[in-house]
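To start, the structure itself, in structure tokens.
Here the structure is a predicted model, which means the values were calculated and not measured. All values below come from the heavy atoms of this structure, side chains included, with hydrogens, waters and symmetry mates left out. The chain is numbered in sequence order, starting from 1.
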Amino acid sequence: MSGRRLPAELAALVDDVVRSVDLPPGSAARLREDLEQHLHDGLAAGRTADELIARFGSPTDASRLVAESRPPAPASAPRERPWSELAADLRYAARSLRRAPVLAATASLVLALGIAANTTVFTVVNALLLRPLPVSEPSGLVDVWPDIPGGNSFLGISWGDYLRYRESDRVESLAAFTGVRATLGDESGPDI
């Protein structure tokens with residue numbers, strides 16, 4: 001705004017309006033500038049200060065109009081509870097999956113296979129590695145292999161040797177296991 005000054009009665013009117021409206025400092029300064037510019041434009045158009053005051057109305061009316069023209073303060077919406085947000089998300093997911101049944105079936109199948117594979121792997125790991133062995137002193141367990149000079153010691157021991165070891169005073173208890181080799185295939189040969 002240029003250095004033009006308003007007549008005293010118009011400056012007092014602007015002061016009354018700005019003071020009667022509860023605005024933050026920056027907004028109050030802009031309102032003051034707008035009102036002063038409006039009144040300067042009226043004076044420049046040949047109107048007198050008394051005409052402008054009569055058209056402007058009382059400061060109370062002007063402040064009421066300014067207050068009504070302000071946008072309403074944003075209402076702080078009450079925050080939804082996390083469970084209601086989760087429920088809304090689940091409803092949205094269900095609607096989306098209902099619209100795409102092939103996707104829903106594929107997603108369900110993939111989840112089922114993943115859960116089944118995970119359960120199987122965990123069951124094996126739990127049985128072999130995590131659960132303690134059903135013996136009182138696991139550190140005392142040993143494997144017994146025959147010492148066959150020049151032979152294959154991975155063949156294990158015979159049934160007769162097992163019975164002799166079991167009756168011996170050198171072991172507290174004994175358990176045996178065996179593996180079976182199998183070849184899958186038909187008369188034409190093994191399937192590899």
Practice prompt. Output the distance between atom CG (Leu141) and atom OG (Ser173), rounded to the nearest 0.5 Å.
Written response: 8.5 Å
Throw together a table of side-chain donor-acceptor distances under 3.5 angstrom for residues 107-125, partners on residues two or more places apart or in other chains.
unit_1: Ser108; atom_1: OG; unit_2: Ala104; atom_2: O; d: 2.9
unit_1: Thr119; atom_1: OG1; unit_2: Ile115; atom_2: O; d: 2.8
unit_1: Thr120; atom_1: OG1; unit_2: Ala116; atom_2: O; d: 2.9
unit_1: Thr123; atom_1: OG1; unit_2: Thr119; atom_2: O; d: 2.7

Item to complete: Might you point out which heavy atoms bring Ala175 and Tyr162 nearest each other, and give the distance in Å?
Response: C-CE1, 4.1 Å
Item to complete: Verify the distance criterion only: is there a donor paired with an acceptor across the side chains of Ser188 and Asp186 at less than 3.5 Å?
Response: yes
Worksheet entry | For Asp15, all residues meeting salt bridge (Lys or Arg N to Asp or Glu O under 4.0 Å), sequence neighbours excluded | Arg32
Worksheet item: Could you state the interatomic distance from NE2 (His40) to CG (Leu6), rounded to the nearest 0.5 Å?
Response: 4.0 Å
Practice prompt. Please name all residues satisfying ring pair (Phe, Tyr, Trp, His ring centres under 6.0 Å) with Trp83, sequence neighbours left out, ordered by chain then number.
Written response: none
Worksheet, complete the sentence: Smallest heavy-atom separation, Tyr165 atom then Leu174 atom, equals CB-CD2, 3.7 Å
Item to complete: Mind checking the CD-CG spacing from Glu9 to Leu13? Nearest 0.5 Å is all I need.
Response: 9.5 Å
Worksheet item: In Å and rounded to the nearest 0.5 Å, what is the CH2 to CZ distance from Trp159 to Arg164?
Response: 13.0 Å
Discussion item. Please report the interatomic distance CG(Leu43) to OG1(Thr48), rounded to the nearest 0.5 Å.
Written reply: 8.5 Å
